[in-house]
Undergrad: 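Quick one: the structure is below, and I'll ask about it shortly.
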Amino acid sequence: MEPLFLFNLASRHAQWATVRQTAIAGNIANANTPGYKAVDTEPFSAILDRTRLSLARTSGSHMDLATGGIGATKVAAREGWDTSHSGNSVSLEQEMLKADEVNRAYSLNTSIVRSFHRMILASVKS
């Protein structure tokens with residue numbers, strides 16, 4: 001049996017979400033600090049892109065993603081969040097949206113780990 005790296009991936013995703021949540025909290029805490037520049041983390045998808053993971057076709061009936069017509073496009077980040085008169089670049093609305101993204105990342109991560117854990121327990125019981 002091949003080693004399973006899903007729990008390691010989930011752990012790293014949770015670490016990334018923790019770092020992003022810390023950055024967002026720091027931005028919110030400094031929302032009234034004159035001249036403060038908002039910070040953010042690198043997207044987790046960019047980190048995964050650098051790991052060079054690829055899907056394996058273990059059966060001829062599996063869909064080939066290279067020729068399956070499935071493509072992805074990069075979405076340009078929209079500019080337009082207001083900067084306050086103090087030179088501060090923190091937008092509380094934008095930070096709240098980012099906080100919601102982190103919340104959804106935690107929820108997705110927890111659901112995946114819970115489901116995978118149930119699958120492992122079911123395979124051990126049978």
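For the numbers below, each heavy atom of this structure counts, side chains included, while hydrogens, waters and symmetry mates do not.
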Undergrad: Once salt bridge (Lys or Arg N to Asp or Glu O under 4.0 Å) is applied, what residue pairs with a partner in residues 13-34 remain, sequence neighbours excluded?
TA: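 Qualifying pairs: Arg20-Asp40, Arg20-Glu101.
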Undergrad: Taking side-chain contact (heavy atoms from CB on, under 4.5 Å) as the definition, give me every residue that meets it alongside Val39, ordered by chain and number, with sequence neighbours left out.
TA: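 Only Ala23, Asn27, Tyr36 meet the side-chain contact (heavy atoms from CB on, under 4.5 Å) criterion with Val39.
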Undergrad: Which residues pass the side-chain contact (heavy atoms from CB on, under 4.5 Å) test with Arg118, not counting sequence neighbours?
TA: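 Partners of Arg118 by the side-chain contact (heavy atoms from CB on, under 4.5 Å) criterion, ordered by chain and then number, come out as Arg114.
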Undergrad: Suppose we screen for ring-ring contact (aromatic ring centres under 6.0 Å, His included). Which residues come up paired with Tyr106, at least two apart in sequence or across chains?
TA: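 Once residues adjacent in sequence are excluded, Tyr106 has no partner under the ring-ring contact (aromatic ring centres under 6.0 Å, His included) criterion.
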Undergrad: Check salt bridge (Lys or Arg N to Asp or Glu O under 4.0 Å) between Asp100 and all other residues, then give those that pass, not counting sequence neighbours.
TA: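 Per chain and number, Asp100 pairs via salt bridge (Lys or Arg N to Asp or Glu O under 4.0 Å) with Arg104.
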Undergrad: Return yes if some donor-acceptor pair links the side-chain N/O of Asn109 with the main-chain N/O of Ala105 below 3.5 Å, else return no.
TA: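 Answer holds: no.
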Undergrad: Please answer whether the main-chain N or O of Ala14 pairs with a side-chain N or O of Thr18 as donor and acceptor at a distance below 3.5 Å.
TA: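 Side chain of Thr18 to backbone of Ala14: a pair is present.
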Undergrad: Find out if a path of hydrophobic residues (ILVMFWY) with successive side-chain heavy-atom gaps under 4.5 Å connects Val19 to Val102.
TA: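 In one cluster: no.
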Undergrad: Parallel under 30°, tilted from 30 to 60°, perpendicular over 60°: which one fits the rings of Trp16 and Phe44?
TA: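 Aromatic pair Trp16/Phe44 classed tilted.
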Undergrad: Taking only residues two or more places apart in sequence or in another chain, which ones pass side chain to side chain donor-acceptor pair (under 3.5 Å) with Gln15?
TA: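 Partners of Gln15 by the side chain to side chain donor-acceptor pair (under 3.5 Å) criterion come out as none, since no residue qualifies.
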Undergrad: With sequence neighbours excluded, what pairs up with Ile28 under the side-chain contact (heavy atoms from CB on, under 4.5 Å) test?
TA: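 Expected list: Ile24, Leu92, Glu95, Met96.
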Undergrad: Just how far is it from atom OG of Ser91 to atom CG of Leu97, taken to the nearest 0.5 Å?
TA: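 If I round to the nearest 0.5 Å, the distance is 8.0 Å.
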Undergrad: Side-chain heavy atoms nearer than 4.5 Å, only ILVMFWY residues, links allowed to pass through others: does that put Met119 and Val124 together?
TA: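 Same cluster.
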Undergrad: According to the salt bridge (Lys or Arg N to Asp or Glu O under 4.0 Å) rule, which pairs have a member within residues 22-32, sequence neighbours left out?
TA: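 The answer is none; no pair qualifies.
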Undergrad: Of all the heavy-atom pairs spanning Ile112 and Leu6, show the shortest one and how long it is.
TA: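 Here Ile112 and Leu6 meet closest at CG2-CD2, 4.0 Å.
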